Amino acid sequence: MDINPIIAPLNDAQREAVTAPSQAMLVLAGAGSGKTRVLVHRIVWQIQVNDVSPQSILAVTFTNKAANEMRGRIETLVENNASAMWIGTFHGIAHRLLRRHAEQAGLQKNFQVLDSNDQQRLIKRLLTDLNIDEKELPVKEIQWFINEQKDAGLRCKDLLETTDNNTRRFLQIYREYEIRCERSSSVDFAELLLRVYELLRDNESLRTQYQERFSQIHVDEFQDTNHIQYAWLTLLSPNRDNMFVVGDDDQAIYGWRGAKIENIYKFQQHYPNHKVIKLEQNYRSTSTILKAANKIIANNQGRIGKSLWTEMTEGEKISVYAAYDEVDEAKYVVERIRNWVAAGNKRSDVAILYRSNAQSRQFEEQLMLTQTPYRVYGGLRFFDRAEIKNALAYLRLLETPDDNVSFDRVINTPTRGIGLKTMDELRQCAAEQQVSLWMAATLLLTQQRLPNRAANALVSFLHLLEQFERKTVGLSLSEKVHFVIEHSGLMAFYNQDKVEKSAEKVENLKELVNAAESFKYRADEEENASELSAFLSRASLESGESQGDEFDDCVQLMTLHTAKGLEFRVVFLVGMEEDLFPAQQSKSNAGRLEEERRLCYVGITRAMEKLYLSHAEKRFLYGRETSSSKSRFLGELPKELLEEIRPKREVSRPITAKSPTFSTFKLPPEIQSEGKYKKGQHVSHEIFGKGIIGNVEGEGKTERVFVKFREDSRWLLTAYTELTIL
DNA sequence: TTGTTCCAGCTTTTT
DNA sequence: GCTGGAACAA
């Protein structure tokens, strides 16, 4: 066996981790220190050198992206068949186990996975039924409560002792929620984890079976695990020292979501014979950037402590730009980007990072004005879009007509004359008879308890479902999807002119058919669930991140959270102002403030060569002008690393353009237009006066032009606007 | 039952 | 400033 390819690319610390004998291992991996590489090489080492069977490998990550990347990298290094390894997200692996052992876990074989959207709808429904005022108890709060309890491993019955009145109130709803999930045989995200925990805890033979099977357990981003995740990991690895976890306490930025950094300390107590290896050599950033990062994070208390070093050159100083306002800030950033690109560099090597999504707008506008292709990450994901969720709901009903969440969702989408009144009848009947809405509908109809109009509408809906079931037998998955989209009336509904962004929605529905077409169904990995059901689960569990189309060469815009795990040659960290970053809501609490600081650390360490920091003296926030002071994080950086940029005060009139509302995913790189308007043309408008066309998009009815007028700039639909070409 | 208008509220996000 | 939800009118 030639072990060279496995260990040659590693430094001493990395090699020590990769080749260590099987034991509990905690690898503290600083930013840019080769964390994924260690994980990948460790697994390959176990398989190829220690003859561990791929079957015995379990590797858990947080995102599908990380899981896919890991699998891909392992497969290029290993000749063996890697598909026998279980590599996936916590939720993905939990889902697989539950499909496999549905019965023992107390679930129906065809259980559904609710995403947080579905969960919200279910809670909302429940509140109305219980006559609870949403103003008093907001859905979000209840959702948060339920998930928090589940993440802590607590069911209703575990909380019965509570005397606090407020909690008791929540508890009553939690109980009802449990009942409804049971009845519609659905499982939310937190439930996936909790169920698996209980399954393993209460079922000794199963537990032993998996303990023996997974002789090597690997965990990525360990600092982000929550209570229940940690609990089921330890169930799988009770006293055998076979857990290899990688993490960085300085990059824990998901505390607000229930992640517990303390799991790192817990791990150390739980496995007294564990070994700690620190990866402190950074291969990413210049020493200037690294010094800044070390300085910032040193302000946090109670760190495990590590200090990154690099062999890289000093590099350029960090530029700090004090902008006049948010427009000035955006202009500055975009100008620097244009210079960078003009010098022959790639746009995709540049990232603009901000604390909150709302901040992207100004940058988008400037990028658009200058015709710079860009891509915004985040926002609505593919499978979260309403039109897609509706289509999926029809498909779910095809699989399980008793699925109340889906039934409720599409019974009147598109509208077919089934209104609140009829729905009330249905729900009441369902509650009385303890049956699903679908059953209740059948009951009500056979008993002829509905007025004619409502009855007819309901019959037509039930017919539709019946038709789906009969006519899709034998069709392929994508044909099924196509059939349902067409015959449900969804396609026609979204194709109407009056529907906003109609073209985009129609496009998305077509894309869903494509997604079904390219869906890779592997019966064994899906534990023999039907192809359709596997597709639906996948839709819930992967809300459609990185929807395939990587755009050629775009500037990258994203939040600091999204940027974790990525790197860019040039990084703009914008909006460095108190109350924005650190966020105002996080300032009251020392712990949360430290999390903001870690976020800042994450941001800084994304940069490889050049880091720009910027802040504005005033900006529009929530439609109001607010003046802002520099972020405290700026003050924590040593002066000698910084280079202050004086703003050129040629006070530019603030441009208040209408927000462009195109798909957040892309700016059409080349603007092709057959219409009479072209960019650069001088035009005149009755009200706004003279202006210059900055961009043209779409054609026919949807053609619109971005015009820079003297007073402001805006998008105009040419179909409705008179513009005179000068 | 459906479509329109008005008003409050607002981090971060994966699964 | 924008969005979603609730109250309204048709």
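Only a predicted model underlies this, so the values are computations on that prediction, with no experimental measurement involved. So that the names make sense, note that chain A is the first sequence line, chain B the second, and so on, each numbered from 1.
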*Asks:* Under 30°, 30 to 60°, or over 60°: which ring-plane class applies to A:Phe363 and A:Tyr354, parallel, tilted or perpendicular?
*Replies:*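 It falls in the parallel class, under 30°.
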
*Asks:* Between A:Ser116 and A:Lys421, which has a closest nucleotide on DNA chain B that is more 5'?
*Replies:* A:Lys421

*Asks:* Just call it for A:Glu595: base, sugar-phosphate, or nothing, with non-hydrogen atoms closer than 4.0 Å on any strand.
*Replies:*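 Since no nucleic acid heavy atom lies under 4.0 Å of A:Glu595, the category is nothing.
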
*Asks:* Which comes earlier along DNA chain B counting from the 5' end, the contact point of A:Leu599 or that of A:Gly419, where each point is its nearest nucleotide?
*Replies:* A:Gly419

*Asks:* In whole Å, I'd like the distance from the CZ atom of A:Phe90 to the P atom of B:dT15.
*Replies:*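 Atom-to-atom, A:Phe90 to B:dT15, this comes out as 13 Å.
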
*Asks:* Base, sugar-phosphate, or nothing: which does A:Asp224 touch, judged by heavy atoms less than 4.0 Å apart?
*Replies:* nothing

*Asks:* Using only atom types and a distance under 3.5 Å, with no angle test, would you say the side chain of A:Arg195 pairs donor to acceptor with the backbone of A:Ala105?
*Replies:*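 Side chain of A:Arg195 to backbone of A:Ala105, a donor-acceptor pair under 3.5 Å: yes, one is there.
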
*Asks:* Looking at B:dT15, B:dT11, B:dT1, which one has an atom nearest to any side-chain atom of A:Leu541?
*Replies:*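 Side chain of A:Leu541 sits closest to B:dT15.
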
*Asks:* Whole angstroms only, please: what is the CG-P distance between A:Asp384 and B:dT15?
*Replies:* 11 Å

*Asks:* Which nucleotide, C:dA6, B:dT1, C:dG1, lies nearest any side-chain atom of A:Arg361?
*Replies:* C:dG1

*Asks:* Distance alone, cut at 3.5 Å: any donor-acceptor contact between the side chains of A:Arg427 and A:Thr128?
*Replies:*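 No, no side-chain donor-acceptor pair sits under 3.5 Å.
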
*Asks:* For A:Arg624, answer base if it contacts any base atom (sugar-phosphate contacts may also be present), sugar-phosphate if it contacts only those atoms, and nothing otherwise; contact means non-hydrogen atoms under 4.0 Å.
*Replies:*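 Answer is nothing: A:Arg624 stays at 4.0 Å or more from every strand.
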
*Asks:* Would you mind classifying the nucleic acid contact of A:Ile418 as base, sugar-phosphate or nothing, using non-hydrogen atoms under 4.0 angstrom?
*Replies:*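 Since only primed, P, OP1 and OP2 atoms lie under 4.0 Å of A:Ile418, the category is sugar-phosphate.
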
*Asks:* Whether A:Asn357 contacts B:dT11 is assessed here as follows: a side-chain N or O lying under 4.0 Å from the phosphate OP1 or OP2. Is that the case?
*Replies:*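 Result: no.
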
*Asks:* With the criterion set at under 5.5 Å between ring centres and under 30 degrees between planes, would B:dT12 be stacked on A:Trp256?
*Replies:*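 Base of B:dT12: stacked against A:Trp256.
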
*Asks:* Quick one: which of B:dT11, B:dT13, B:dT15 gets closest to the side chain of A:Thr562?
*Replies:* B:dT13

*Asks:* Write down the distance between CH2 (A:Trp144) and P (B:dT13), rounded to a whole number of angstrom.
*Replies:*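 About 18 Å, once rounded to whole Å.
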
*Asks:* So if I take every side-chain heavy atom of A:Thr63 and compare against C:dA6, B:dT11, B:dT15, which nucleotide ends up nearest?
*Replies:*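 Out of C:dA6, B:dT11, B:dT15, the nucleotide with an atom closest to A:Thr63's side chain is B:dT15.
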
*Asks:* B:dT12, B:dT15, B:dT2: which one has an atom nearest the side-chain heavy atoms of A:Asn412?
*Replies:* B:dT2

*Asks:* Just to be sure I understand the rule, does A:Arg598 reach a base, reach only the sugar-phosphate, or reach nothing, if contact means heavy atoms closer than 4.0 Å?
*Replies:* nothing

*Asks:* Check A:Asp220 with A:Lys35, please: is the shortest side-chain N to carboxylate O separation under 4.0 Å?
*Replies:* yes

*Asks:* Could you state the NE2-C1' distance from A:His561 to B:dT11, rounded to the nearest angstrom?
*Replies:* 8 Å

*Asks:* For A:Thr61, report the nucleic acid contact type (base, sugar-phosphate, nothing); a contact means any heavy atom under 4.0 Å.
*Replies:* nothing

*Asks:* Mind calculating the distance between CD (A:Glu425) and P (B:dT1) to the nearest angstrom?
*Replies:* 10 Å

*Asks:* B:dT11 base to A:Arg257 side chain: any donor-acceptor pair below 3.5 Å?
*Replies:*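 Answer is no: no donor-acceptor pair is held.
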
*Asks:* Would B:dT12 be called syn or anti, given that syn covers angles within 90° of 0?
*Replies:* anti

*Asks:* I'd like a list of close polar pairs between nucleotides 4-6 of chain B and the protein, N/O only, cut-off under 3.5 Å.
*Replies:*
none

*Asks:* Compare the minimum distances between each of B:dT12, B:dT13, B:dT15 and the side chain of A:His91, then state the nucleotide with the smallest one.
*Replies:* B:dT15

*Asks:* Tell me: CG of A:Leu450 to P of B:dT1, nearest whole Å?
*Replies:*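 Result: 11 Å.
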
*Asks:* Which nucleotide sits closest to the side chain of A:Thr89: B:dT15, B:dT11, B:dT13?
*Replies:* B:dT15

*Asks:* What is the distance from CZ of A:Arg592 to P of B:dT13, rounded to the nearest Å?
*Replies:*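 Computing the A:Arg592:CZ to B:dT13:P distance gives 14 Å.
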
*Asks:* Under 4.0 Å, counting only non-hydrogen atoms across every strand here, what does A:Ser540 touch: a base, just sugar-phosphate, or nothing?
*Replies:* nothing

*Asks:* Return the nearest nucleotide to the side chain of A:Tyr254; candidates are B:dT13, C:dG5, B:dT12.
*Replies:* B:dT13

*Asks:* So, the side chain of A:Lys564 versus the backbone of A:Gln251: is there a donor-acceptor pair under 3.5 Å, distance only?
*Replies:* yes

*Asks:* Which residue, A:Gln112, A:Arg96, A:Arg99, forms the side chain to side chain donor-acceptor pair (under 3.5 Å) with A:Ser537?
*Replies:* A:Arg99

*Asks:* Take atom CZ of A:Arg121 and atom P of C:dG4, then tell me their distance rounded to the nearest Å.
*Replies:*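 It works out to 14 Å between those atoms.
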
*Asks:* Using a strict threshold of under 4.0 Å (side-chain N to carboxylate O), is an ion pair present between A:Arg361 and A:Glu365?
*Replies:*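 Here A:Glu365 pairs with A:Arg361 in a salt bridge, since their nearest N and O are under 4.0 Å apart.
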
*Asks:* With no hydrogens and no angle check, is any side-chain donor or acceptor of A:Gln362 less than 3.5 Å from a backbone partner on A:Glu329?
*Replies:*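 No; judged by distance alone, with no hydrogens or angles, the pair does not exist.
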
*Asks:* With the side chain of A:Thr415 defined as its heavy atoms from C-beta on, choose the nearest nucleotide among B:dT11, B:dG3, C:dG5.
*Replies:* B:dG3

*Asks:* Under 4.0 Å between a side-chain nitrogen and a carboxylate oxygen: does that hold for A:Glu326 and A:Arg619?
*Replies:*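 A:Arg619 and A:Glu326: not salt-bridged.
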
